[in-house]
A.B. asks: 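Pasting a structure here, questions to come.
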Amino acid sequence: MTSVNICGVELKNPVIAASGTFGFGGEFSDYFDVSRLGGISSKGLTLAPKQGNDGVRMHEVRSGMMNSVGLQNPGVEAFIKDELPQMEKMNTAVIANLGGSTIEDYVKAAAMLDKSSIDILELNISCPNVKEGGMAFGIKSCVAYEVVGEVRKATSKPLMVKLSPNAEDICDMAINCCKAGADAISLVNTFKGIAIDIKSRKPVFENISAGVSGPAIKPMALRMVYEVCGCVDVPVVGMGGISTYEDAIEFIMAGSHAIQVGTANFIKPDICLDIIEGIEAFMAREGIKSLEEIRGIIK
Amino acid sequence: MTSVNICGVELKNPVIAASGTFGFGGEFSDYFDVSRLGGISSKGLTLAPKQGNDGVRMHEVRSGMMNSVGLQNPGVEAFIKDELPQMEKMNTAVIANLGGSTIEDYVKAAAMLDKSSIDILELNISCPNVKEGGMAFGIKSCVAYEVVGEVRKATSKPLMVKLSPNAEDICDMAINCCKAGADAISLVNTFKGIAIDIKSRKPVFENISAGVSGPAIKPMALRMVYEVCGCVDVPVVGMGGISTYEDAIEFIMAGSHAIQVGTANFIKPDICLDIIEGIEAFMAREGIKSLEEIRGIIK
Amino acid sequence: MKSKYIEAAVYKNERISDCVFRLSVKGSFDVKPGQFFMLRAWDQEPLLSRPISVHDVDDEKITFLYHVVGRGTQILSKLREGDDISLTGPLGNGFDLDMLKGKVALVGGGIGVAPLNYLYKKLSMNEGVQVSFHAGYRSQPFGLECIQGSCSLLNIATEDACVGEKGYIIDYFEPKDYDMVVCCGPEIMMSKLMKKCEAAGVPILVSMEKKMACGIGACLVCTCKTKDGKKRSCADGPVFLGSELILND
Amino acid sequence: MKSKYIEAAVYKNERISDCVFRLSVKGSFDVKPGQFFMLRAWDQEPLLSRPISVHDVDDEKITFLYHVVGRGTQILSKLREGDDISLTGPLGNGFDLDMLKGKVALVGGGIGVAPLNYLYKKLSMNEGVQVSFHAGYRSQPFGLECIQGSCSLLNIATEDACVGEKGYIIDYFEPKDYDMVVCCGPEIMMSKLMKKCEAAGVPILVSMEKKMACGIGACLVCTCKTKDGKKRSCADGPVFLGSELILND
Ligand SMILES: Cc1cc2nc3c(=O)[nH]c(=O)nc-3n(C[C@H](O)[C@H](O)[C@H](O)COP(=O)(O)OP(=O)(O)OC[C@H]3O[C@@H](n4cnc5c(N)ncnc54)[C@H](O)[C@@H]3O)c2cc1C
Ligand SMILES: Cc1cc2nc3c(=O)[nH]c(=O)nc-3n(C[C@H](O)[C@H](O)[C@H](O)COP(=O)(O)OP(=O)(O)OC[C@H]3O[C@@H](n4cnc5c(N)ncnc54)[C@H](O)[C@@H]3O)c2cc1C
Ligand SMILES: Cc1cc2nc3c(=O)[nH]c(=O)nc-3n(C[C@H](O)[C@H](O)[C@H](O)COP(=O)(O)O)c2cc1C
Ligand SMILES: Cc1cc2nc3c(=O)[nH]c(=O)nc-3n(C[C@H](O)[C@H](O)[C@H](O)COP(=O)(O)O)c2cc1C
Ligand code: FES
Ligand code: FES
């Protein structure tokens, strides 16, 4: 039994495709049956459509990559009209990932999504790529408290808040988000990093910094997930560098209810399926009936 | 001209072997002429001798490693008596790296080192492996301010404070250390991470968390070094995942006066020499007369 | 052809010039010229797979032509017969053969000839198309298997004058004689040729090379600016009409 | 011999049983039995080199015997003649041959026989030493090149009884007949044998396998507990007197 329940939503299994790495799901249906997934978190949405950042958007680093997409997306309205109908048909939990640069925008967008068929609203308070605001919400827990509280009022959907690893104090951040009404916490988003092109003597990215993801960040992400699991009572969805079923099990043993797979989708388009099947085989081998038996077991 | 000046101490070149990865230098003299180095930062010292942590001390991760050595060292007195005389003969700058778990210990040890022949005192306020105290000094800048201030009073040696990447706010931390009397800042120490042995269902390390180092941390380390260079006026010594001359140049272009090489010493014992020669060749190719020309050039 | 993730075996991998290799993989592939595959012949490092265009396809194998420039292509260059390789593809829009009618000029720069070779092969089967080929290299030419001996007009320029004209091929190329130009090469070359074509009023198709992560349209790291907003070069491209694109400089 | 970092070429690499391979590297090496090298036959990943004991040395090459257990040894197993490999070593204290006098028993478990093969070869050249060899395996024995046909007393036990006695070798081994015991194998085996030897009052040397980063004594990640405090198994060991060590078990 790989199924898990996240704030009232039943997932077939704990493996969710992470926001920004899986489009709206359709791109992957050539490679595997996406209904096998526990859920799909949409590309990060904003109230208004966004073209995202100019210049280089990706730079590969050791065991990871840096991205500076800057929330390119069609906007919430177009999402609901053009993308959501297809996502609904995928027969997996639909998570709308919502970003923003002002509280007003967050609230308006959340209210629109509230009336849609999405299963969970994942509030991204952490995208480090948008110059104004985006970063700040995820750094100081008092600021996060405010935006989460306002969004909470605007929606009755299950509300999952996605934390940035760049937060000053990840536990304090998680606690404040829960106080403000989060039904679940997901973490981590990308780590703030920079890269320099020594030939041109310039930063690789126009925004100078960009978000680091992939296997390189796993030990730090796992530590943060473990710490957050120890300080909040809501379900935690862990992520950061997961690329094998063993990684996924580590996050579950650290206390995650579910996990998300991001950058690893670029290694092999059906890697989520490998991870799901790996978890199933591990459970069979070890005689684990339900993931609850091992969730947070290292504590 | 690769030479650089760090708080009054002239280094032949900007490449320093990082604390804890180079012993007291002797282990490497079989492999290359260690006098080629800009400097050597000693294994982390404490006032009293320490046996360090029990259990597993090392775990390999993607493009990195985790360590939980726990400051095993012979103590400052034995260092001065048994190790320093050899280090002096190595004809390179000798940096004593000092850790501790109480302000009193730091101050006593600093006072002893003050009377020795070391060139620079590197104050490690960041070792995450010692249960009591070690972590806290490096997280909150007000606590760091206190310990740096006290150590400052105890020594007239050039004082370099080594920051933890786990600090809540790396710039605020650096600024406070400078206010308290630091002559230079070095960063980063290891990132706090965890690893889980899914077979035994236990954390790999007895202390649960351990320090992540190596190429995996480079983008984050470089970002922090860049940020710190932008907010303090003292020389900054950057490190974190440097394993090639290109990495070293990136740190210099981000604003570092010198750089340290840690984990990479384990890849190839004479890697520091490769990096030094790589920097020299790069400077020749690009017509760079002095590293000052490119230091912080991306700003 | 639906894109797939395939694990296959290397059929042949040979050096054909200083840093250029030709790699074939056995199998039956239905691919449009201008499409590409994400190749991977390593486990963990580098993290991402590498986009490589289709250079040739026949009944039993697919062939790639690649320039060794970094770690990924270095690993490719060491492959030997029978070694494992994975391919995701075919990807991208490819060249729209229906647009290529009348007098068509294919202009390649360096490794940019890779996809044009297969395009030439396909085009030369079509009636009512007259194809000429224009290729520029730093030094020794390569990648002209289907073209040499078959193409009625083949112009070559090399920077060191070792073969053909000396200098850049686009300096010897005049768009106005053609109904359609196709270009694949360094961005600076494509950008210059786009301007030349615009001035001559001749439409041009170019194949964009952007850094890619997913290669399948999901991650949005490979976008280029078009008059119609940012588009994904992996899924909406890599082939774009010059008139759509907004290139820097 | 002073330890060095050497870039060399693979001489031979052959599978000798299910997951066990024998790798030789050309060159002239002056090594003590029980010493090891940090091997590396990859560029970036895994990050660290792998400690492997010396299995044999002759005038023209050095040989290693290794068990494929993870990513590093997997890469080693794919090496072919002429491939690049780097070696740092010889490292560690090795066995002190002067301590090994009279009746000496070498007891190896699985891949633990690797260093004992070369130790046997050296010991059997010394006068006044009578060496017996005791080896335990899960199944098929391996790594006994220098021993088989030469050693007057060779005992083998296998867990599946395919050769020799059935079960664990130490259950068939009695220390009291010997002046000195040398053991290399899984920690649990060494720990049990240490107790047996202690009870019998026979000194024992064991070779410790700890995870290593530098391998040369600088990083302190490989320490083991001894009565004299923590010692580095790479530089102060890997060979320790059983009576010095404090094992967890
Ligand atoms: C659609 C498409 C088709 C291509 N077809 C071919 C081909 O047929 N033959 C060929 O030799 N090359 C082709 N390229 C370029 C090829 O992908 C790069 O040369 C290759 O990725 C370099 O990888 P590396 O590890 O050797 O180099 P590195 O420089 O180490 O790569 C570092 C990163 O930059 C990316 N990168 C480097 N150069 C390029 C480039 N020119 N374009 C896009 N990304 C790059 C890599 O993918 C990687 O993520 C194509 C690129 C694209 C986008
Ligand atoms: C002094 C010494 C001598 C050795 N001699 C031999 C030998 O002759 N033949 C042989 O087959 N093996 C020997 N080993 C064990 C060998 O080093 C490991 O099997 C090997 O490092 C595993 O690497 P891997 O990448 O295949 O496995 P992984 O499990 O992927 O390795 C992960 C990490 O754990 C370490 N590790 C894994 N197993 C061991 C182990 N048993 N001991 C120490 N570190 C380990 C690796 O070095 C690496 O850092 C020796 C170990 C030591 C310390
Ligand atoms: C190309 C890319 C785009 C991303 N876009 C978003 C986004 O829009 N919203 C969001 O919350 N996270 C976004 N992320 C972060 C991922 O969802 C995930 O939190 C992060 O990459 C760490 O997980 P990983 O190491 O498995 O990739 C993006 C990541 C990548 C690599
Ligand atoms: C095994 C090991 C031991 C270390 N011990 C110390 C120490 O005693 N004092 C200290 O300040 N830093 C210590 N460090 C941290 C390094 O000096 C360096 O800051 C860190 O590893 C990041 O650099 P790197 O990625 O180049 O290794 C240690 C690192 C390692 C890997
Ligand atoms: S590479 Fe991911 S969208 Fe193009
Ligand atoms: S491995 Fe570094 S001291 Fe032993």
Side-chain angles (χ1 to χ4, degrees), chain B residues 17-32 40 42-44 49-74 204-205 210-216 241 243-244 262-271 273-274, chain D residues 1-7 35 37-51 69-73 84-92 187 208-236 246-248:
Chain B
S19 177
T21 68
F22 213 76
F24 298 108
E27 286 82 4
F28 285 84
S29 54
D30 271 3
Y31 306 97
F32 72 104
I40 298 175
S42 76
K43 170 69 206 155
K50 269 176 76 79
Q51 284 291 320
N53 293 333
D54 287 338
V56 170
R57 287 185 169 191
M58 198 278 288
H59 180 69
E60 213 178 351
V61 293
R62 286 288 294 274
S63 295
M65 60 177 272
M66 300 171 70
N67 89 81
S68 178
V69 170
L71 288 182
Q72 177 176 346
N73 81 95
V204 167
F205 294 99
V212 184
S213 63
S243 69
T244 63
T263 304
N265 292 303
F266 310 153
I267 299 175
K268 184 168 178 285
D270 58 353
I271 205 161
L273 197 57
D274 294 349
Chain D
M1 183 186 175
K2 195 176 125 174
S3 171
K4 280 189 291 197
Y5 170 85
I6 308 156
E7 292 179 348
Q35 288 190 302
F37 282 78
M38 296 296 283
L39 301 189
R40 187 180 193 91
W42 50 86
D43 181 14
Q44 299 193 320
E45 206 59 32
L47 184 72
L48 302 170
S49 306
R50 297 297 188 248
V69 296
R71 200 168 300 276
T73 47
D84 296 334
I85 184 166
S86 78
L87 298 79
T88 304
L91 299 167
E187 191 155 325
M208 295 298 294
E209 286 191 6
K210 291 282 177 187
K211 289 196 180 181
M212 293 179 176
C214 71
I216 65 173
C219 73
L220 308 186
V221 306
C222 67
T223 50
C224 45
K225 260 192 199 163
T226 75
K227 294 187 176 136
D228 206 23
K230 297 233 167 77
K231 290 200 174 168
R232 302 165 301 180
S233 52
C234 68
D236 306 315
I246 306 172
L247 292 189
N248 297 340

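Only heavy atoms go into these numbers, but all of them, side chains included; no hydrogens, no water, no symmetry mates. Every chain is numbered from 1 and lettered A, B, ... according to where its sequence line falls, protein lines coming before strand lines.
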A.B. asks: Output all residues satisfying salt bridge (charged side-chain N to carboxylate O under 4.0 Å, His left out) with D:Lys210, sequence neighbours left out; order by chain, then residue number.
C.D. replies: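 For D:Lys210, no residue satisfies salt bridge (charged side-chain N to carboxylate O under 4.0 Å, His left out) once neighbours in sequence are set aside.
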A.B. asks: Determine yes or no for a side-chain-to-main-chain donor-acceptor pair under 3.5 angstrom, with B:Gln51 supplying the side chain and D:Lys230 the backbone.
C.D. replies: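 Flag set: sc B:Gln51 to bb D:Lys230 pair under 3.5 Å.
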A.B. asks: What are the two closest heavy atoms between B:Val69 and D:Leu220, and how far apart are they?
C.D. replies: CG2-O, 3.7 Å
A.B. asks: Given heavy-atom pairs under 4.5 angstrom as the criterion, report whether the side chain, backbone, both or neither of B:Ser63 touches chain D.
C.D. replies: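 For B:Ser63, backbone and side chain are both near chain D.
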A.B. asks: Heavy atoms, side chains only, cut-off 4.5 Å: are B:Glu27 and D:Arg232 in contact?
C.D. replies: yes
A.B. asks: Applying salt bridge (charged side-chain N to carboxylate O under 4.0 Å, His left out), can you list everything that pairs with B:Arg57, at least two apart in sequence or on another chain?
C.D. replies: none
A.B. asks: Find the distance between OG (D:Ser86) and NZ (B:Lys268) and round it off to the nearest 0.5 Å.
C.D. replies: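 Between atom OG of D:Ser86 and atom NZ of B:Lys268 there are 8.5 Å.
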A.B. asks: Which atoms of D:Ile6 are under 4.5 Å from chain B, going by heavy atoms: the side chain, the backbone, both sets, or neither?
C.D. replies: neither
A.B. asks: Measuring heavy-atom distances to chain D, does B:Val61 have an atom under 4.5 Å in its side chain, in its backbone, in both, or in neither?
C.D. replies: backbone
A.B. asks: Counting only heavy atoms closer than 4.5 Å, note whether B:Asn73 contacts chain D via side chain, backbone, both or neither.
C.D. replies: neither
A.B. asks: Using non-hydrogen atoms and a 4.5 Å limit, figure out which bit of D:Met38 sits close to chain B: side chain, backbone, both or neither.
C.D. replies: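 When you check distances to chain B, no heavy atom of D:Met38 falls under 4.5 Å.
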A.B. asks: Over all heavy atoms of both residues, which pair between B:Phe266 and D:Cys214 is shortest? Give the atoms and the distance, please.
C.D. replies: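 Heavy-atom minimum between the residues: CD2-CB, 3.5 Å.
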A.B. asks: In terms of side-chain geometry, is the basic nitrogen of B:Glu60 or D:Arg50 positioned less than 4.0 Å from the acidic oxygen of its partner?
C.D. replies: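 Here B:Glu60 pairs with D:Arg50 in a salt bridge, since their nearest N and O are under 4.0 Å apart.
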A.B. asks: Pick from B:His59, B:Met58, B:Met65: which one has the most heavy-atom pairs with chain D under 4.5 Å?
C.D. replies: B:Met58
A.B. asks: Out of B:Gly64, B:Ala216, B:Gly52, B:Gly214, which one racks up the most heavy-atom pairs below 4.5 Å with chain D?
C.D. replies: B:Gly64
A.B. asks: Measure the CG-OG1 distance between B:Asp270 and D:Thr88 for me, rounded to the nearest 0.5 Å.
C.D. replies: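 Atom-to-atom, B:Asp270:CG and D:Thr88:OG1 are 8.5 Å apart.
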A.B. asks: Counting only non-hydrogen atoms closer than 4.5 Å, does B:Asp30 touch chain D with its backbone (N, CA, C, O), its side chain (CB onward), both, or neither?
C.D. replies: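 Looking at B:Asp30, backbone and side chain both touch chain D.
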A.B. asks: Tell me, out of B:Phe22, B:Phe24, B:Phe28, who's got the most heavy-atom pairs with chain D below 4.5 Å.
C.D. replies: B:Phe28
A.B. asks: If I measure from the heavy atoms of chain D, does B:Tyr31 come under 4.5 Å with its side chain, its backbone, both, or neither?
C.D. replies: side chain
A.B. asks: Shorter than 4.5 Å, heavy atoms on both sides: which option in D:Gly217, D:Ala213, D:Cys222 has the most such pairs with chain B?
C.D. replies: D:Ala213
A.B. asks: Less than 4.5 Å to any heavy atom of chain B: does that hold for the side chain of D:Ser3, its backbone, both, or neither?
C.D. replies: both
A.B. asks: Return the option, out of D:Arg71, D:Lys225, D:Gln44, with the maximum number of heavy-atom pairs under 4.5 Å with chain B.
C.D. replies: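 Going by pairs under 4.5 Å, I would pick D:Lys225.
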A.B. asks: Report which part of D:Lys4 has an atom under 4.5 Å of a heavy atom belonging to chain B: side chain, backbone, both, or neither.
C.D. replies: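 Just its backbone gets close to chain B.
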A.B. asks: Where on B:Thr263 is there a heavy atom nearer than 4.5 Å to chain D: the side chain, the backbone, both, or neither?
C.D. replies: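 It is the side chain, since no backbone atom gets that close.
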A.B. asks: If you draw a 6.0 Å radius around CG in D:Asp84, do more than 12 non-hydrogen atoms from other residues or ligands fall strictly inside?
C.D. replies: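 12 or below, so no.
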A.B. asks: Does any part of the side chain of B:Pro215, heavy atoms only, come nearer than 4.5 Å to the side chain of D:Leu47, both counted from C-beta?
C.D. replies: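 Side-chain contact under 4.5 Å: yes.
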A.B. asks: Between D:Glu45 and chain B, which part of the residue has a heavy atom less than 4.5 Å away: side chain, backbone, both or neither?
C.D. replies: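 Contact with chain B is through the side chain of D:Glu45 alone.
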